[in-house]
Amino acid sequence: MWRLLLATSVMAEPESRRFLQRRAEDSTPTCGGIELEPNDLCRDTVLWAAGGGKWDARAVDWFKNFESIAGVPIGSGNVADYQRLYWCAPPGGKYCGLPPCSGCSSPPCDDCFAGKPLVANLRPGCEANDTSIGCIPPETTMGYKGQHWPTTYIDGTQEMHIFLIGDWGGLDGSLDTNQGRPELIAYNWGRQPGPSVFPRSRWNKRHTEQLCSHKEFVECFNTFGEAPCIPECGFVMGVDDKPQLLVAEAFKARAALKDPQYILNVGDNFYWGGIEKTCGFPMNMLSYPAKHQFDEIFEGIYQGPGLSGKPWFGVLGNHDWGGFRFDNGWDQQMSYTWFSDRWVLPAVYYKTSMVYKDLGFDVDIYFLDTNFLDAKPPEEDPSHNMCSSKNNKPSATCSAAGGPESIESCPAWFASLWKEQKKWIGDLLPKSTATWQFVVTHFPCGHEQQFYRRLRRKGLDLLITGHRHDQELWREDDYHKNHMGVACIVTGGGGGITSEATPNPNNTIDWYGEGQYGFYDLTISKTEILIESINYNGELLLTHKVYPK
């Protein structure tokens, strides 16, 4: 099992020192008293809370995160402590624009972890001078692009399994968002610990007619399927209202039986817009929203026999970049690689290898970012455009993280990233001597088919994708739609967002594949891969075999 050490002082880490130095040199204040203008919105509330509000009978609910942030009980908090709370996780949204510089009970006052910032140190087992990808975070966000994550060696001669999942991370309704961001609550009962599914619109199969709008679907959740929920939404109470939890239970139950060696994750890990933090945080530090969202939506959900401690190798989905914006905390999902014993997402694109040494075969896996497909001209499609001028602030930038510098340059940045990756994998794949070659990416079967056809000629054995919110297996001989010559999987039914069509098995007219919510289980050997599609209730939906090229 992978572990890491957490430092209690930011000053122990060079990149953190540079980050704090940059903040100090910036003309914009980085901390200040409650009387300053950036704290106009929160001032009255903070003064009230630090006065009599903390003694209110409901204070334990209002200020539920206070002690973990301030380091003292609610009743012991002073003005600086409550200013800190309203900077980190403001109850009710009265956001403080600045943390206190001093006067808090557990300094430093500009962190959100009771004076013990989360800072990634060297991984156990690494030499002190080892600065490789498997031991320490990169100094810059893009520092590990295209690198090889350390090879995993898998012992034993037992049956070997790989689980595939995607589009799984629901809304964290218990997060008190900061920086003026809206709460992650889509319907009346969405403020709860753990994941709440995001209700997407539903269309007919050809996507020519909207059957149920987002607003209409929300009514189904508010009324638990009763009127005014319209039948066209296809809402199934007991399924559509909690799909991530249902899929996770089936996932855990099968893991206990099959003991997968690792999980491949195709992205959209947190709806609606990924980690609710602006990009540009140091790669060796973890922010409060990132810690909260990972705890509630990932760590608290996917645990159990056969699953705990197993590595999750993944990519970013368009919603991880921000959905209809590009400056959310996508880099914090990468940073979490060094704060977890299993999460692996060290770069926007990378590769790794699995060696089954006792069974005499191996796998090379290439992780690609295909989100250029949702990086459209700023004036287009505001609902599904990371570069949208409607949803990004005019000043939006991720230049500090090596991402797009502006709304205007956003589409070209993603296009350039894709061009860079195509050359990278085009050069690497023919050199592979592994038994199997996989590509893992977010955008689904059907995109860039000529490109994947060329990769097939160079040795690609399996394409693993998501983005469409259902479960689809494209066989090699599905010639009416599959023009790649390679088997392709869409595993977008993880349940963070409602499925493409109704999950009602008696109404499949608008289904693309064999299921709406679920995951896949691959049984891999030297000579074949058995693909099994598993429904949200654990039911086996279909099987297919793939053979090495």
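Given the structure is predicted, the values throughout are model-derived calculations rather than measurements.
The residues Glu379 and Lys390 are annotated as not salt-bridged, no charged nitrogen and carboxylate oxygen being separated by less than 4.0 angstrom. Between Glu276 and Arg181 a salt bridge is recorded (basic side-chain N to carboxylate O distance below 4.0 Å). For Asp61 and Lys64, the salt-bridge test fails: no basic side-chain N is under 4.0 Å from an acidic carboxylate O. Salt-bridge formation is detected for the pair Arg191/Glu183: a Lys NZ or Arg NE/NH1/NH2 atom is positioned less than 4.0 Å from an Asp or Glu carboxylate oxygen.
Arg84 forms no cation-pi arrangement with Phe66, by the criterion of a distance under 6.0 Å to the ring centre and an angle within 45° of the ring axis.
Looking at Asn78, its side chain does come within 3.5 Å of a backbone N or O of Gly103 through a donor-acceptor pair. One N or O on the side chain of Gln303 and one on the backbone of Glu299 form a donor-acceptor pair closer than 3.5 Å. Using modelled atom types, one side-chain atom of Gln421 and one backbone atom of Leu417 make a donor-acceptor pair closer than 3.5 Å. Between the side chain of Asp130 and the backbone N or O of Ser132, at least one donor-acceptor pair lies under 3.5 Å. One N or O on the side chain of His447 and one on the backbone of Phe443 form a donor-acceptor pair closer than 3.5 Å. Using modelled atom types, one side-chain atom of Asn392 and one backbone atom of Met386 make a donor-acceptor pair closer than 3.5 Å. Here the side chain of Gln516 pairs no donor or acceptor atom with the backbone of Tyr536 at under 3.5 angstrom. Of the possible donor and acceptor atoms, none in the side chain of Arg325 sits under 3.5 Å from a partner among the backbone N and O of Ala396. Tyr86 contributes no side-chain N or O that, together with a main-chain N or O of Lys94, makes up a donor-acceptor pair within less than 3.5 Å. No side-chain donor-acceptor contact under 3.5 Å links Asn385 to the backbone of Pro382.
To the nearest 0.5 angstrom, Tyr187 atom OH is 12.5 Å from Thr223 atom OG1. One distance of note links OG1 of Thr352 with CD of Gln147; it measures 12.0 Å at 0.5 Å rounding. Put simply, NZ on Lys277 and NZ on Lys291 are 16.0 Å apart, with the number rounded to the nearest 0.5 Å. Rounding to the nearest 0.5 Å places CE of Met142 at 6.0 Å from NZ of Lys145. Separation of atoms SG (Cys88) and CD1 (Ile69) is listed at 4.5 Å; rounding is to 0.5 Å. With rounding to the nearest 0.5 angstrom, the CD atom of Gln293 is 4.0 Å from the CD1 atom of Ile275.
A side-chain contact (heavy atoms from CB on, under 4.5 Å) with Val266 is found for one member of Ile165, Leu316, Thr441, Asp167 and no other, namely Asp167. Paired with Leu85 under the rule side-chain contact (heavy atoms from CB on, under 4.5 Å), one option of Pro99, Pro91, Cys104, Cys42 passes, and it is Pro91.
Between His319 and Phe198, the distance separating the two ring centers is not shorter than 6.0 angstrom. For an aromatic pair to be called close, the ring centres must be under 6.0 Å apart, and Tyr144 with Trp149 fails this. Aromatic pair Trp168/Tyr302: ring centres closer than 6.0 Å. Aromatic pair Tyr349/Phe367: ring centres not closer than 6.0 Å. Between Phe221 and Phe217, the distance separating the two ring centers is shorter than 6.0 angstrom. Between Phe294 and Phe270, a ring centre-to-centre spacing shorter than 6.0 Å is recorded. For Phe313 and Trp343, the ring centers sit 6.0 Å or farther from each other. The aromatic ring centroids of Trp48 and Trp62 lie less than 6.0 Å from each other.
There is a side-chain donor-acceptor pair under 3.5 Å between Ser196 and Gln192. Side-chain atoms of Ser105 and Asp81 include a donor-acceptor pair closer than 3.5 Å. A donor atom on one side chain and an acceptor atom on the other are found under 3.5 Å apart for Asp369 and Trp321.
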* Asked: Hey, mind stepping through Cys220 and Cys229 against disulfide bond (SG atoms under 2.5 Å apart) and telling me if it holds?
  -> CA-CA 4 Å; Cys220 295; Cys229 175; 2.1 Å; yes

* To do: Dump the intermediate steps for side chain to side chain donor-acceptor pair (under 3.5 Å) on Ser174 and Asp172, then the final yes or no.
  => CA-CA 6 Å; Ser174 64; Asp172 181 359; 2.9 Å; yes

* To do: Report the C-alpha separation of Leu245 and Ile301 in whole Å, then their side-chain angles, then the decisive distance to 0.1 Å, and conclude whether the side-chain contact (heavy atoms from CB on, under 4.5 Å) test is met.
  => CA-CA 7 Å; Leu245 297 176; Ile301 304 300; 3.8 Å; yes

* Could you check Asn318 against His442 for side-chain contact (heavy atoms from CB on, under 4.5 Å), going step by step and ending with a plain yes or no? => CA-CA 8 Å; Asn318 58 303; His442 182 63; 3.0 Å; yes

* To do: Please lay out, stage by stage, how Arg200 and His469 fare under the test side chain to side chain donor-acceptor pair (under 3.5 Å).
  => CA-CA 10 Å; Arg200 73 180 299 275; His469 311 126; 3.2 Å; yes

* Asked: When you look at Asp240 and Ser499, which way does the side-chain contact (heavy atoms from CB on, under 4.5 Å) test go after all the steps?
  -> CA-CA 8 Å; Asp240 276 325; Ser499 53; 4.2 Å; yes

* To do: Step by step, work out the side-chain contact (heavy atoms from CB on, under 4.5 Å) result for Thr141 and Val348.
  => CA-CA 9 Å; Thr141 309; Val348 289; over 6 Å; no

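Using bins of under 30°, 30° to 60° and over 60° for the plane-to-plane angle, the ring pair Phe163/Phe519 lands in the tilted bin. Taking the six-membered ring for Trp and thresholds of 30 and 60 degrees, Trp418 and Phe372 have nearly parallel ring planes, at less than 30 degrees apart. Under the 30°/60° scheme for interplanar angles, the aromatic rings of Phe251 and Trp312 are found to be tilted.
Residues Pro137 and Thr337 form no side-chain contact, since every pair of their non-hydrogen atoms from C-beta on lies 4.5 Å or further apart. Val197 has its side chain out of reach of Gln244: every pair of non-hydrogen atoms, C-beta onward, lies at least 4.5 Å apart. By the 4.5 Å heavy-atom criterion applied to side chains, Phe113 and Ser68 are not counted as neighbours.
Around atom NZ of Lys242, no more than 12 heavy atoms belonging to other residues, nucleotides or ligands sit under 6.0 Å away. Residue-environment remark: CD (Glu420) exceeds the threshold of 12 foreign heavy atoms within 6.0 Å.
Listed by chain and residue number, Ser399 satisfy the side-chain hydrogen bond (donor to acceptor under 3.5 Å, both in side chains) test with Thr397 (two or more places apart in sequence, or in another chain). Remark: Glu226 engages no residue in a side-chain hydrogen bond (donor to acceptor under 3.5 Å, both in side chains) (not counting sequence neighbours).
Taking all atoms of both residues into account, the shortest heavy-atom contact from Tyr82 to Lys54 is OH-CB, 3.2 Å. The two residues Glu405 and Ser409 make their nearest non-hydrogen contact at N-OG, 3.5 Å. In terms of heavy-atom proximity, Ile407 sits nearest to Pro411 at O-CD, 3.5 Å.
Distance check for Cys109 and Cys31: the SG atoms are not under the 2.5 Å cut-off.
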